[in-house]
Each structure stands twice: as structure tokens, then as C-alpha cells.
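Convention: sequence-line order gives letters A, B, ...; per-chain numbering from 1.
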Amino acid sequence: MQTHKAKRVVITIEAIMQKRLTDTIEEAGVTGYSILPVLGGSGRSGAWTREGQVGRASGMVQVVCIIRPERLDDLLDAAFDVVETHIGVVTITDVEVLRAERF
Amino acid sequence: MQTHKAKRVVITIEAIMQKRLTDTIEEAGVTGYSILPVLGGSGRSGAWTREGQVGRASGMVQVVCIIRPERLDDLLDAAFDVVETHIGVVTITDVEVLRAERF
Amino acid sequence: MQTHKAKRVVITIEAIMQKRLTDTIEEAGVTGYSILPVLGGSGRSGAWTREGQVGRASGMVQVVCIIRPERLDDLLDAAFDVVETHIGVVTITDVEVLRAERF
Amino acid sequence: MADILSLAADNLLSPVILSFILGVSAALARSDLSVPEAVAKGLSIYLLFAIGFKGGASVASHGVDATLVATLAAGLVLSAGLPMIAFNLLKIMTKMSRTDAAAVAGHYGSISIVTFVAATSVLQGRGISSEGYMVAVAAVMEAPAILSALWLISTGGTEKRMDGALLREILLNGSIVLLIGAFVIGVVTGEEGLASISSFIVAPFTGVLCLFLLDMGLVAGRGLRDVRGVLGGGAIAFGMLMPVIGSLAGLAAALLIGLSTGGAVLLMVLSASASYIAVPAAMRVALPEANPSIYLTLSLGITFPFNLTVGIPLYVTLARLVTGG
Amino acid sequence: MADILSLAADNLLSPVILSFILGVSAALARSDLSVPEAVAKGLSIYLLFAIGFKGGASVASHGVDATLVATLAAGLVLSAGLPMIAFNLLKIMTKMSRTDAAAVAGHYGSISIVTFVAATSVLQGRGISSEGYMVAVAAVMEAPAILSALWLISTGGTEKRMDGALLREILLNGSIVLLIGAFVIGVVTGEEGLASISSFIVAPFTGVLCLFLLDMGLVAGRGLRDVRGVLGGGAIAFGMLMPVIGSLAGLAAALLIGLSTGGAVLLMVLSASASYIAVPAAMRVALPEANPSIYLTLSLGITFPFNLTVGIPLYVTLARLVTGG
Amino acid sequence: MADILSLAADNLLSPVILSFILGVSAALARSDLSVPEAVAKGLSIYLLFAIGFKGGASVASHGVDATLVATLAAGLVLSAGLPMIAFNLLKIMTKMSRTDAAAVAGHYGSISIVTFVAATSVLQGRGISSEGYMVAVAAVMEAPAILSALWLISTGGTEKRMDGALLREILLNGSIVLLIGAFVIGVVTGEEGLASISSFIVAPFTGVLCLFLLDMGLVAGRGLRDVRGVLGGGAIAFGMLMPVIGSLAGLAAALLIGLSTGGAVLLMVLSASASYIAVPAAMRVALPEANPSIYLTLSLGITFPFNLTVGIPLYVTLARLVTGG
Ligand SMILES: Nc1ncnc2c1ncn2[C@@H]1O[C@H](COP(=O)(O)O)[C@@H](O)[C@H]1O
Ligand SMILES: Nc1ncnc2c1ncn2[C@@H]1O[C@H](COP(=O)(O)O)[C@@H](O)[C@H]1O
Ligand SMILES: Nc1ncnc2c1ncn2[C@@H]1O[C@H](COP(=O)(O)O)[C@@H](O)[C@H]1O
Ligand code: NA
Ligand code: NA
Ligand code: NA
């Protein structure tokens, strides 16, 4: 089956920043993304779990974007502006996609 | 530690199609997969979030399969049949796995 | 934008073993990970779904670690000790990360 | 007229409807107020169980009316037939594609159980009683409309849309099974059963309905935010005209059968309301090329609020006028 | 006999049991009816809190019986001892591996709190009172069986299975902590405390139990679907024989101690019921090579429904016969 | 003094507070007891809806006091002003950075609605009535403190922190919208509305509060586990001194305005309590470099338990002494 090269960018970020991030990457021309829940984790700022969150302040989500390789830099620049001052992790992986016309 | 080459196929698809998809890929010889929840997203058919879904009609899930490289094409063919007429994204990544005897 | 090579290790494991696994990999020097929920799946031990779990005995989670390549082996050794006798899948992918100073 | 207005005002100013309006307003103002998916599903399980059980217990104590079978048959015919009217109306009033029109039409033959529940609570507030088996009629009306919609499409000459798996899914969908199951439990355990759990399913019922409608308001409000891009004027008008047409068909059937005033209102409400759970799910499987925004926005954003605020008082007034109840 | 049958019929035709049967039927028919995980967990928190609190309040008002300590000790012995009987029975009746048999045996020494709750609601319906501290006995019986199961395995000569972390997890698992905690709150705040929250934990209790058992029915029904592949005839027979044996052991202990009729029934139910929360979790950690399908299907798919439908009426009848209550 | 002690004992030995203590103990003992996120959110929606509605219905039946506007204004001033006191106190008592101190200060100007709810339930238990509009005052006090905190930081000379999107988020956050919305519904539907849903929002209220505080106890207890690493002695002392100072400011305002004893208690509680929902969320957006562990641990781990156990009885006693109520 015919596949096409693309990049999978995963941004792990505080839930409270989600809308700011997706608004920003949409402005940067990203047309598709999915949001995955994160149950908990650990990092430089300590461990946390979703159970027992009373507010929206501390949960995290993953924003996953599949994009054409040539659009990667625009996305990273945009994402970096939002992520820079906040906790969060950004990873990029090479992937193949079906139906490239959709990206 | 000894690792083995494999493929990670992620199919993002409407929750309502999940069982049809997994039935199809099981028929195509896939023996293992995991289902991840998706909280929301955006694509050509607009944005959606899981909160405030009244029905099963519009949420999405990710079906993740780790398979031996030589089985990839069978899986993609099978998945494509289900995904073709529906919204959804299919990505393939190279991965290494431990305990290859399990795949 | 400047990126750095890293490894993304995903360990799919029974929820009940999560704390044992994260304690072990923390001892092995891993400083960051995220936990993703898994809704259901299928493997050699049959199919399961999260809906209708009465207990903690059978759900699964994914532990995702982004680490420097040179730390991979320590992590895998540590993880293997926990996963060995239990059901579970371990995959490793090459990724690029922003802000490498954080890993 | 004064009667409609006062009833409408009464209805509008009840905690139940105001909770819905609060939800709509919060969504329109883009507040982050939201009800977790699991909680909303939990509330709907409660409502279906309670309404089914109470219907069954009422049948157990009042006995089965001779009209039961006739009403079930009428429900079947209305559910299967109303999509034809809706489809033709959409052809006239809008520029929707055949596929979209068929999908929308299917929604209007089927029912919204929450509208039904809200109507029973209005009837109860007014002291109007109704046939307990109307919840069984509600269950019967869920599915036939889907078959009509697929038939409408197939007349345009496309491949087979319905398979055994889908039919099974439709007939055994969770809402139908729970509603009918609770109804049967109510019939079997009767008054005594009801007494043993009435402080769970009767006393707090209206309050739970408030929270559920708050959530429905949030969802409907989010839909309304995009109405402009999705629906034209014709479609919006359809979303308010079609329920009235449906209610008149329901009223005619009720008169033919000889239902009580309350029963007539409920059959009107079932005919007037549009599905937003069972039918959308079936359409995504069988008609994936139909645009879900159109049918969800129409059903949830236009017709549901219309019935809740204007429709129910109107139907009550009409039914009382005609049946003299 | 007639008494058992009428009691069994009464029990079977209660909303609580019919809700369970509805769940089982929906699962067997492969309906997509389901209760979200979070809601099911919420309902179980409610039930544990309510049953613990009411037990405590009852101790506060009736005072502590001289039999308290004896009953706790009996619970301990039953929980630790029943796995030995179960293990040997499994060796005779089935071809299970040592490991699987030990894991299953552990489940039957421990308890199912929902079965206990269902039994209290049957007792209450029949006007039979029982010792309030029985919920403390339930808590005490959760864990010892796990140690017995691990001991059974270690006699086959394998490495150490139990470590401090696991022991801590078992003793401090959420259900035990909540049950005992609520019990203590009930003891401390007594009648007055109960009065202040009785419209939350007493009045709607049976109704909530219906919804919870609906969910349990769905889970048990899903398990039953695979029963054929997982369990042989011998195992299925074990799943119905072992609870009866357990109940007789419980009855003997109750007679020795001199419990009331209601107390005897509850001790029988605790002995007869099999764990499906605490023990499976512990087994996954300590005995990962035991097949979870076997112990979960037996406990949830066979013994739980058996106790709910046939067992409880049987134990009530036996206890009344023997204690003359 | 004896009065405080007996009131404190009474308060401590209520099911509500004991449930909180159970949660804290379970978390400290590292039990895996937990309340699913969705359920906790569902419970808080219930509490906000119920408390808002009851406040509104009470305003509808008792009429609006001439003091309403004055109290709202006082709330505004307290919320905006208390962060200044808190900030300076933190500068003296701790070694926190400017940023952390400003972030913490913002929390103490804002409010904890659960502390407010717990106080109303204590007042109700003591038969002390209060102004129904106090829930509106609670809503008004949520946000101004955030602006003060950001102003405190900006005086240190940093860029603009507050944008339109954030302001909108703060003012339209779910809790405020639900509280005010339910209040308005209560005002509009009055006694009649309350009657129609009182078996949902009045009768089971205290019981639901128990479960919610159980969860809050679990969260607070998890915070307390890390207190040592996060907070020094000065910060801990601040977490217990600041609420008392806040309560005195609230008391002074109440006297000036002429509130009833109950109203004075509630204004004291609002002033004394620290936010752990709205303000942390705003701080993560606007002041990401402030350490969330510090402000969450202080607010949830120290001040919240302090107010619940010692604070409320203290404020009630003070208010009664001073207002002679
Ligand atoms: N190396 C990592 N691998 C995976 N997730 C991470 C990693 N580091 C941080 N995270 C996630 O990002 C959150 C914040 O990280 P930090 O900013 O380091 O406190 C953590 O709680 C994790 O959920
Ligand atoms: N480029 C993308 N990257 C990640 N997820 C996507 C992407 N495009 C679409 N999706 C997901 O697939 C869903 C349907 O996409 P679409 O068919 O384009 O409407 C979206 O709501 C997203 O959850
Ligand atoms: N090939 C695979 N790809 C993705 N997930 C898998 C795979 N095999 C197993 N899993 C996951 O791991 C769980 C246990 O697998 P197993 O040990 O094979 O029963 C399954 O229920 C799946 O959630
Ligand atoms: Na209809
Ligand atoms: Na037992
Ligand atoms: Na304050």
C-alpha cells in the first residue's frame, strides 16, 4: 500500500494551556491534531496524577499533530512560543501516512 | 538488551467504528492491539471534544498495533477497507521491541 | 529549530504494576515519564476493555519515557525486570526533542 | 392563547428549563463549564432507568389498556413514516444533498428520550396523568426511522447499507435495552418494587433532570455557536416546523386510538422530537458521507431547544383543546 | 422447602436482583449498554461508605456485643482456612494447575462486599436485624485468604511472593480503608450522625444498589460469554458447591459464637462469597502466571450470580431453621 | 473558650469533618483509595448548583436586604486587598521569591467554595440563619485577587501578564458561572422551585458533602506528604495565621455593614479561605514561573484543613461574641 513521509509531533503540555497551543498552531497553518489524555507523570517539577486533581491547574494532555515534513518548522516555531515558558515536552518522529492528500 | 524491528501502526478512527476495525484486522491476522482514548481533535471535518458528547456518534479512539514488518501490508489493506469511507488517520512508525516472540 | 536525538520508550503494562515499574525506572535514573490510559486491547491473553472493570486487576496503562540514547540500556534492563513475568509490551522509537537540556 | 402563554411562561420559569438555558448561555459565552462525559452518561442511565421503571410500575397498577397494541403500532408507523415527510420538506425548504436530507429525515422519525422525560415532568406538574406504557412506545419508535432513512437513500440507487451487525446494534443499543429492561422490572415488581426504590427514582428525579439538562444545554449551546456556518435559514425553519408537523401527526394518531390527554401529549412529543443519540450513531456507520454537523446541529441545536421551551407547552395546549382534557 | 422457594422467588423478583439479571441479559445479547468506569467506581464508593457508616451507627446505638471479638476471630479463621478446603476441592474436581488452583482458592476465602450488601438489603426487607459490627468482620475477612493462597503455592517450593509493599497494598486497599473508616465515623457520630445524612445513605440506598448491580450484571454477563472456553464442568460445579460449603462453615461458626439469625446469615454470606476486587489485584502482582480469566470468571460469572439469586435465600432459610429466628 | 472548644469538638466529630479526616489519613497511609476525577467533578457540580440555588431561593423569599450592595462591594475590596497583606506577610515570614509570594498572595484574597459550603452546613446545624445572597458575594470574591497578584508582580517591572483571553477565562470560569447561574435560577423560581427539587438539593446535601470532603481529604493528604520538601516553617505558620487575619478583616467589614451573625461568619470564612481551583489555574497561565507546589500545598494542605477543623468554629464563636448573635 502506498504511503507518504510525514512527521508526528507530540507536545505534552498542561491542560490549561491546550487551547492557547492549538489556537497558535492553527494560526501557523496546522489543520489537524488530536488530543490525548495523560493520567499522570513525573518530571523536573515532581510527580502528579490526575486522580485527585481538584482543579484544572495541574493536569496535562498530549497534542499530537501529523504534518508534512516541509511544514515542521512552522509548527515547531509556533509551539515553542507557547511551550517556552511552560513545563512540557516536544518530540518529533518520522512516520509514514496513508492518504497523504488529507494533510 | 536485545531488540527486534517491528512496525507501530496507529489508526485514529471514530469510536463507533472501533469494533468493525478490530474485527477486520483480527481477520487479517493481527493478534494484538491496544485502544487509546482521544479527548478531542480537529481536522477537515472541524473540531470536536469528548466533553459534551451526548452519544457515541462522534468520539474517536486510537487503535495501536505493534506488528512484524512482514505483516504490515496485510494490516494496512485490511484497515484501509474500513477507514476508506470514514474519517480517520493511519500512521506507521519503525520501532524496536523487546520480546519479539510475542508478536 | 534545533532538535536533539532521543529515544521514546513505551511500556504497556497492567495498571496494578504501574507504581512498581515507575519506582524501578526511577531507581535506574529515569527522571521523567508520562502515563497514558489504555481503554482496552487484545493480546495472547485475550481481549479486555476498561468499561466494566470492577477492580484494578485487569486494566492497562502506557508508561512513556523520553530519554537520552545513552541511557536507553539502563532503562530497558530495569523495565525488563518488572515486565518479564507480567504481560506487557515494550517498544522503542527514535525521536527528536526540543529543549534537550531537560532530559 | 393566554393559556399557551401562561403555560409557556410556567414551563420556561421552571428549574428544569432554566438549567437548560443556563447551559446554553454558558456555552455561548464560551465559559469552560462542562460536565464530565462519565457523569453525563451516569445521569442518563439514571433517567432511563427511572422513567422506564415508573412506566412499568404504572402499567402494573393500572393494568394494560386495550389501546396498548394500537399505540405501539401507531408509534411504529409514525417513526417509519415521518422521515418521508421530513425528506420531502427538506427537498423543498433547503439545498441539502440527497444524502444529508435522508440522514436528517431519519432523525425526525426517531425520538429524543430527554424531551419525553421533560414532557412527563411538565404533565406531572400539571397533574395530568398518562398511560404508563408510553415509555414502551418511545422505545419502539427509536429504530424504524433509521430503516426509512436508509431506504430513502437506496432509492437513489446505491449499494446495500444495512447489515446484520448494524441492525443488531440499533435494536440492542444501550438506551433501548435499559428503557425496556427497566420497564419490565417495573411491570414485574409493581407498586411494591416502586415503593422500595422510590426515594431514589421518584423523589430526586426532577433535580437530576436539572443537572442533565444543564449538560444538554452546554452541548446544544456549543452546537448553536457554529449554526451559522452549518445551517441556512431554510434548515433552521425546518428544525422548528417539522416538530409541529410531527406533533400534529401524533395528535391525529392519539385521537384515532383514543389516548388520554396525557398520552396524546406524549405521543405528540415523541413524534415532534428528533433523535441525537441512536440515529447519529447509526448514520455514521451506514452513511458516513452524510455530514454529521448538519444533523447534529439541527436536532440538538434547533429542534431540541424548540421542543423544550415552546413545543411542549404548545402540544399540551393543543391536546387539551382537542381531547377536552 | 416451600419457604425457600417463596423466599427465592421474592428475592428473584426484587428490583435489585432483576437489575442484575437485566445486566447479565444485556451483556449476553451483546448490547452496547455499559456503565462508565468512573460511575461504577463512584457507586461502589457510595455503597462502601453507606454500609460502613450504618454498621458503625448501629454499633453506637446497640452497644458492642460480647461476641464482637469472637466473631472477628471467626472471620479471620474462616478467611484463612476456607482456601485450604477450596484448594483440595479444586484438586479433586478440576484439572487446574497448582498455581491456578491456589489463586482461585484465595478468592473463596475472601469476600464480596456487594453480596454482603445485597444480603443486608434482603434481611432488611424481611425485618431481620443483625449485628452492626458485621461490616467490620467483612473487612477483616478480605486479606487473610490472600496469605493462605500464597502459602499454598510456596509449599510447592517457589520463591518468596509476598513483600512489604504488597502486604501494605492489600491491608490498605481502598475498599478496606473506606469500609473501616466509614464504620468508625458511624461509631463516633452515632444516631445523630446517621440522622444528619440518612437521606443520603439510607433512603436512596436500594435504588443505588440496583444501578450498581446492573453494572455488575453487565460485567458478569461478559464473563459468562467466555465461560465455555475458560471453565470446564468441574470448575463450574465448584463455583456453586464451594459457596454452600463456605456458608455451612460460616453457620457453624455463628452457632458456636451465638450470633443472631441475621448475624448468622451475614457470616454465612461472607464465607460463601468470593472476592473479585482485592484478591485478583493481589494475584496479578504476586502470582502473575496464574490465569486471571479462570479466577475472575469463576468468582464473578458463577459464584456471584449463584449467591445473589439462589444462595442468599438458601442461607436465610438455613439460618432461620437452625437458629430458630 | 469552653464554647469554642465544645463547638470545635462538635464540628470535629461531625460526619462531614470526619470524612475529610478519613481522606487525609488514607492518603498519609498511602492507601490506594481514590475518587475518580469525573466523580469528584460531578460532586462539585452538584454542590455548586445546590448552594447557589438555595441562596437564590432564600433571597426570593426573604427579599433583598439593603445591605446587599454594600456586602458585594466589601467582598470586592477584601478580595483585592487581602493579597497585599498576604504579600507583605510572606516577605516577612518566609524566604519566598517575589513571584512565588505574589502567586500565593493571590490565593488568599480569593475563596474556597467548599470551605464556604462546610460553614453553611455548620451554621445550619447550629440553627443560625444567614443572608442568602452570600453565595453571590462568594462569586464576586473569586477573581479580583488574581488581578491584585498580577499587579503585585508587575510592580517588580515585568511585561504584561493579563490578556483578554485570560480575563475572560477567569470571569467565566465554570464555578462562577454555575454558582451565579444557579443563584439566579433560585431567585427566579423561588420557594416553589426549591420545593420541586429539594429532595435532590436539600435532603441529601450533607451526605454528598461527606463524600466530596473525603476526596478533598485525599487530595490534601497527598499534598501534606510532600509538605516538608516544599514549605518551610514560616510558610506553614503563614498558612494558619493568614486565615485568621483574613477572618478579622471580614468580621470588621461585616460589622460596618451590619450583617447578621450568620452573614458575618460567612464573610469571615470567605476572607479566611484560600482558592485552590480558580487562582491556581490562572497562575499557571499568567505566572508559569511561580512554583505550583508552593501555592497548592499551602492552600490545600495547610489552610483548607485549618479552616475546616479549627477556623470555622473559631469564626462562629468570634462572630457570636461580637454581634451578640
Ligand atoms: N522525559 C520525559 N518523558 C516523558 N514525559 C515527560 C518527561 N519529562 C517530563 N514529562 C512529562 O511532562 C510533565 C512535566 O515535566 P517537567 O516540566 O519536567 O516537570 C511530567 O509530569 C511528565 O508528564
Ligand atoms: N493531521 C492530523 N494529526 C493528528 N490528528 C488528526 C490529523 N487530522 C485529523 N486528525 C484526527 O482525526 C479526526 C478527524 O479528522 P478529519 O477526517 O480530518 O476531520 C480529527 O478530529 C483529529 O482527531
Ligand atoms: N501487538 C500488540 N500491539 C499493541 N498492543 C498489544 C500488542 N500485544 C499486546 N498488546 C497489549 O498488551 C495487552 C496484553 O497483551 P498480552 O500479554 O499479549 O495478552 C493487550 O491486551 C494489549 O492491550
Ligand atoms: Na420524532
Ligand atoms: Na468467602
Ligand atoms: Na480569602
* What residue in D/Ile21, D/Val16, D/Val208, D/Leu214 has the most heavy-atom pairs under 4.5 Å with chain F? -> D/Val208
* Engaged part of F/Val177 at the chain D interface, taking heavy atoms whose separation is under 4.5 Å -> both
* **D/Leu179 CG to D/Phe53 CZ distance, which is reported to the nearest 0.5 Å** => 13.5 Å
* **Residue among D/Gly42, D/Ala29, D/Gly23 with most heavy-atom pairs under 4.5 Å to chain F** => D/Ala29
* To do: Mind checking the CG-CG spacing from F/Leu43 to F/Leu209? Nearest 0.5 Å is all I need.
  => 10.0 Å
* To do: Could you tell me which residues satisfy side chain to side chain contact (heavy atoms under 4.5 Å, CB included) with D/Leu224, sequence neighbours excluded, listed by chain and number?
  => D/Val24, D/Leu28, D/Val227, D/Ile302
* Do the non-hydrogen side-chain atoms of F/Phe116 and F/Ile111 ever get within less than 4.5 Å of each other? -> no
* Structure fact -> To the nearest 0.5 Å, atom CD1 of D/Ile201 lies from atom CD1 of D/Ile197 at 4.0 Å
* Structure fact -> Bottom line for F/Ala182: the part with an atom under 4.5 Å from chain D's heavy atoms is backbone
* To the nearest 0.5 angstrom, please state how far the CZ atom of D/Phe205 sits from the CG atom of D/Leu47. => 5.0 Å
* Please list, chain by chain and in numerical order, all residues satisfying side chain to side chain contact (heavy atoms under 4.5 Å, CB included) with F/Ala60, sequence neighbours excluded. => none
* Region of D/Leu13 in contact with chain F, defined by heavy-atom distances below 4.5 Å -> both
* Listed partners of F/Val69 passing side chain to side chain contact (heavy atoms under 4.5 Å, CB included), at least two apart -> none
Which donor-acceptor pairs sit under 3.5 Å apart between chain D and chain F?
residue: D/Ala29; atom: O; partner: F/Arg168; partner atom: NH2; Å: 3.4
residue: D/Ser31; atom: OG; partner: F/Leu172; partner atom: O; Å: 2.7
residue: D/Asp32; atom: OD1; partner: F/Gly174; partner atom: N; Å: 2.6
residue: D/Ser34; atom: O; partner: F/Lys41; partner atom: NZ; Å: 3.3
residue: D/Ser34; atom: OG; partner: F/Lys41; partner atom: NZ; Å: 2.9
residue: D/Ala203; atom: O; partner: F/Ser199; partner atom: OG; Å: 2.9

